[in-house]
Structure formats: structure tokens, C-alpha cells
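Because the structure is predicted, anything quoted here is derived from the model rather than measured. Atom set for the values below is all heavy atoms of this structure, side chains included, hydrogens, waters and symmetry mates excluded. Numbering of residues begins at 1 and proceeds along the displayed sequence.
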Amino acid sequence: VSCLKTLNPLKLGSKVGTLFVSGLRRSFDGLKSVITGVFHQFERLRDGVSQRVREIGRTVTETGRNLFDAGLRTALTGGVIGFLQSSFIGDTADYQQILRQIEVFGSLTVDQIKQVDAELSKFSAATIFDPNQSAAAFLGLQKAGLDLNAALATLPEVGNLAAAAKLDLAKATDLTVRSANAFNIAFTDTKRVVDALVGAADISTAEVDTLGQALGFVGNDANNLGISLEDTVAALALLNDKTIVGERAGTGLRAILASLVAPTDDAKATLESLGISVFDAGGEFVGLESLISQFQGALDGLSTEEITSQLSSLGDRNAVSTLIALISSADDGSQAFANYRESLNGANTASDVAAAQMDTFKGVVTSRSGSLVNLRNRALGPLLENVLKPFGKEAIKLVNSVADLPQGFLSTAAGVAIATTALVTLLGIGQALTGLFLMQLGPAISFVGGLFSLVFNPVGAILAVLSMLPA
């Protein structure tokens, strides 16, 4: 008013400006207070949401861990019976059972069966055969009449035969025993048997398996005439290369030997006409090489048709074709049988071939598998013998007491028990998997809570800027 009275424009403008700025500042201060309050409320809401989300994540994680642990316990409870019935523990139980048979059959002492167990473990660790195969082979040697020491000494040679010929160990055991018995070879000389079989296969296209099959038909007859095992397998190797194989070779050689030893009247006339002497002055068989040489000299220069006609009275078609193959000459005119017999002397031994088989990737892998089975038996054997066997005996008593219940009830109960065991196991696995999922989900939820706080954190920065404005 005074400014108006005095009409001082400068003072009036200054006063109005001061009043305007003062009002504007008071309005801005009020607005800042409102905005600050809103942002503080938002921060509290943000922190609360973030904290809650993180708590939910921790809860989910803990729940998942509890479910996982409980699921494992449930699966273990349901699966323990399945484990006891599994092949993993079943193979170990089979080994223990074979050991028991060895103990009983051989009337072995506790120390002796421990020795057998240790030696079988060493054998399995050094070869491609697992302990169950080794134990079964040892039992086969026992049943063949070998005592403890003889069986232990023979087993490595049988293993060489099986590895060299790629045979099952039990089959190799049977072949070795039958061949040794057929030629009255002591089991202390088993190496001679396996070397002859593997050598004959080495010098021809024959397989040890087919040679063994042929020996089963002719072995005893050859031995009765004094023909050695080596001469016999050399003859069979020659016949194999002439496509006379296995049973046919064995029966053919047996038939021609029988015809020569006890000839019919026609066969005797043929032998006399050819000048063939089957026995020497002392009544002993002259041997295959001498006999073959006589036939070659007598039939020299004749055609195949003429030879077949000359020998037709000595037996049936198989016998005659076998004899013709035996008396054949090599490409250089030498006696084929003599060449095979000489080659057999320089053939690879069973141990050499077996070592070569082992020195391959497959041999190493197979040997490793046998070693793992051996380790398993060593680990589980005491458990089966000292814990599960006594428990099993008590369980058998319980089962026997229940066995008198009606058949229908027992069948139903068995079905329910199997189904329940399977169901419990599956539920336990499912529960454990669910828990595992939640254990991964929990941290993810907690991360989202922290991320929520981080994303909205610029609001705090805005508040800080506002608080720096002048009052």
C-alpha cells in the first residue's frame, strides 16, 4: 500500500516477486513431501514383497530337501528285497553255492576250501574268466576224479585251451577230460592234450570244437590200436582240410580203422592183393604213417576212379572217402599226413595262443570284467555268509510256518506283496524326483525376489535426488 501511495514501481515489483517465489517454494516443498511419502511407501512395499518371495524360495528348497530324503528312504525300503533277488548279489550267491559243492564233493577241510577260493580268485583275475566259471570248471575237474592239487594244476591249462579256442570254460574242461581219458593220458600231462588240440587247429582250418567232436567218436579206437593223440588230431586236421569235418571225420576214421583191424573176407582179399600189412611181425599196429605209405605205393599211378574201385570193399562210402583223403599226397608229392604231423610239432602252444588272445583290447576288457566280478564276490561273500545266510535261515522257518495257510490266500498275499514292493519303490523314486525338482526351484524363486528388489531400486535413487534439493 505504501508502495502504491508512493508509486515506487521498483519496490512494488520486488515485493510482488518475493511473495511469488515464497509461495512457489512453499508449494514445491509440499509436493516434495507428498512424493517422498509415496516413494517411502513404495520402498517398504518393494522390500516386503522381495523378502516374502525369498522366504517362499527358502521354504520350497527346504520342502524339496525333505521330500528328496524321504523319497530315498522309501525307495530303499521298497527296493531292498529286489536288491537281494538281483543278479548282482545272485551271482555272488551262485559262487558261494559252487564253493560249497566243491567242499562237499571233495571232502575238503576249511583250510582247503579257503585255498581253493584264493586260487580261483587269482586265476579269474589273471584270465578272461569270472570266478563262477572258474569254480564250475574246478568242480568239473573234481568230478573227473582229480584231487585238490591235480585240479588246481590242471585248471590253468584248461583255461589256456578255452581262451585259445574261444570256448566256454566248462566245455573246455569237458573236452580236456574226455581227450585225456580216451588216450589214457595222466592229468599231470594235461598240457600235452591242450597243445595237441590247439596245434591241430593252428595248422589247419579246423576248430578245436569240431576236433573234439571227432575225437569223441574215434579216440578210444585209435588209442586201442596204439595211435597217439598227436597222430589222431593230425589225421583229423588233414581230413578237415579235405572237407571231412566233425562227426563225419570221427566216424569215418573209426570205420576205416575197424575195417583194417577186423576186415571182412572181401576186405582181406583187397588188402592182400595190394600187399598191405596192418600189423607188424609182433602183432602191433604199424602206425598211420606206415599204413598210409603202403597204400600210396600200392595205388601209385591209378586214377581216382580206379582207387575208389580198388578200396570199395574196405567199408561204406564215408569210410572209403576218409581213407582216400588220408592217403592223399601234398602238392610236392610228399605224404600229406606226414607233413601235417611234422607241422603239429612246431605249432603254437595253447598258452601262446591264449596269451595272444589276452593281448587285445577285447581281452583286456573281458579280463577287467572278470576282475570286477572277482572283487564283487570278495566284497559280498562275507555279507552273504555271515549276515544274510543266518537271516535267511530264520526267514525260512517263518516261511515254513506260513506255508500251511490255504493256497488261495498264499497266492493272493504273494501277488499283493510283489505289487506293494514295486509300488513303494516307484512312489519313493517319484517322491525323490519331486524333491529334487523343488530343491532346484527354491533357489530360483529366491533369485526372483532379489531381482525384484534390484529392478525397482532406482526409486531409491530418485528419493535421494529429491532429498538433495534445497529446502
Item checked: Spatial distance of atom CZ (R248) from atom CZ (F217) [nearest 0.5 Å] -> 13.5 Å
Item checked: Nearest atoms (heavy-atom pairs only) where S277 meets L291 -> O-CD1, 4.4 Å
Check: Within the side chain of T210, is there an N or O that forms a donor-acceptor pair under 3.5 Å with the backbone of E207?
Finding: yes
Item checked: Check: K122 and P156 side chains under 4.5 Å, non-hydrogen atoms -> no
Margin query: Once you measure the plane-to-plane angle for F285 and F279, does it fall in the parallel (<30°), tilted (30-60°) or perpendicular (>60°) bin?
Written below: perpendicular
Checklist line | Side-chain donor or acceptor of T322 paired with backbone N/O of N318 under 3.5 Å | finding: yes
Check: So, for T264 and S313, which heavy atoms are closest and what is the spacing to 0.1 Å?
Finding: OG1-O, 4.2 Å
Next item on the list: Could you please spell out the steps behind the side-chain contact (heavy atoms from CB on, under 4.5 Å) verdict for L344 and R341?
Entry: CA-CA 5 Å; L344 183 62; R341 187 64 184 83; 4.1 Å; yes
Margin query: Counting C-beta onward and ignoring hydrogens, is there a side-chain heavy-atom pair between I227 and L257 closer than 4.5 Å?
Written below: yes
Item checked: Chi angles and distances behind the side-chain contact (heavy atoms from CB on, under 4.5 Å) call for V158, V194 -> CA-CA 7 Å; V158 173; V194 300; 5.6 Å; no
Item checked: Taking every non-hydrogen atom, the tightest pair across A325 and I244 -> CB-CD1, 4.0 Å
Checklist line | side-chain contact (heavy atoms from CB on, under 4.5 Å) between K242 and I324, intermediate numbers included | finding: CA-CA 10 Å; K242 298 291 185 179; I324 292 175; over 6 Å; no
Next item on the list: Give me the one residue out of I276, L274, L271 that meets side-chain contact (heavy atoms from CB on, under 4.5 Å) with Q294.
Entry: I276
Item checked: Polar side-chain atom of T190 near backbone of F187 as donor-acceptor pair, under 3.5 Å -> yes
Next item on the list: Tell me, with the steps shown, if L311 and L299 meet side-chain contact (heavy atoms from CB on, under 4.5 Å).
Entry: CA-CA 10 Å; L311 302 179; L299 300 171; 4.0 Å; yes
Checklist line | Taking every non-hydrogen atom, the tightest pair across F129 and A163 | finding: CZ-N, 3.8 Å
Show me the donor-acceptor pairs within less than 3.5 Å that the side chains of residues 135-153 make with the rest of the protein, sequence neighbours left out.
{"residue": "Q142", "atom": "NE2", "partner": "I102", "partner atom": "O", "Å": "3.4"}
{"residue": "D147", "atom": "OD1", "partner": "N149", "partner atom": "N", "Å": "3.4"}
{"residue": "D147", "atom": "OD1", "partner": "A150", "partner atom": "N", "Å": "2.8"}

Check: Just wondering, do S351 and N160 contact through their side chains at under 4.5 Å, heavy atoms?
Finding: yes
Item checked: Heavy-atom side-chain contact between Q335 and I292 under 4.5 Å -> yes
Margin query: I need the Q96 CD to D94 CG distance, nearest 0.5 Å.
Written below: 10.0 Å
Check: Going from CG on L288 to CG on L253, what distance comes out if it is rounded to the nearest 0.5 angstrom?
Finding: 7.0 Å
Notebook entry, point to check: Checking N181 side chain against V177 main chain: does a donor-acceptor pair fall under 3.5 Å?
Noted result: yes
Checklist line | T205 and D241 side chains, donor-acceptor separation under 3.5 Å | finding: yes
Item checked: Side chains of D209 and K171 in contact at under 4.5 Å (non-hydrogen atoms) -> yes
Check: Which pair of non-hydrogen atoms, one from A162 and one from L169, has the smallest distance, and what is that distance?
Finding: CB-CD1, 3.9 Å
Notebook entry, point to check: If every non-hydrogen atom of S343 is compared with every non-hydrogen atom of I203, which pair is closest and at what distance?
Noted result: O-CG2, 3.7 Å
Notebook entry, point to check: Can you tell me how far CG of L99 sits from CG of N132, rounded to the nearest 0.5 angstrom?
Noted result: 9.0 Å
Check: Hey, what do you get for CG (N240) to OG (S204), rounding to the nearest 0.5 Å?
Finding: 5.5 Å
Check: Is there a side-chain contact between V198 and N348, using heavy atoms and a 4.5 Å cut-off?
Finding: no
Next item on the list: Could you tell me whether Q112 atom CD has more than 12 heavy atoms of other residues or ligands within 6.0 Å of it?
Entry: yes
Margin query: Is the shortest side-chain heavy-atom distance between D266 and T270 below 4.5 Å?
Written below: no
Next item on the list: Answer yes or no: does atom CG of N345 have more than 12 heavy-atom neighbours from other residues, nucleotides or ligands under 6.0 Å?
Entry: yes
Check: Any sub-3.5 Å donor-acceptor pair from T308's side-chain atoms to T304's backbone N or O?
Finding: yes
Next item on the list: Test L197 against every option in L236, V208, L167, D202 by the side-chain contact (heavy atoms from CB on, under 4.5 Å) rule and name the one that passes.
Entry: V208
Check: Do the non-hydrogen side-chain atoms of E119 and V116 ever get within less than 4.5 Å of each other?
Finding: no
Next item on the list: Give a yes or no on whether the backbone of D130 and the side-chain of Q133 come within a donor-acceptor separation of less than 3.5 Å.
Entry: yes
Notebook entry, point to check: At what distance, to the nearest 0.5 angstrom, does CG of L161 lie from CG of L175?
Noted result: 5.5 Å
Notebook entry, point to check: What residues form a salt bridge (charged side-chain N to carboxylate O under 4.0 Å, His left out) with R254, not counting sequence neighbours?
Noted result: none
Checklist line | Main-chain N/O of A338 paired with E289 side-chain donor or acceptor, under 3.5 Å | finding: no
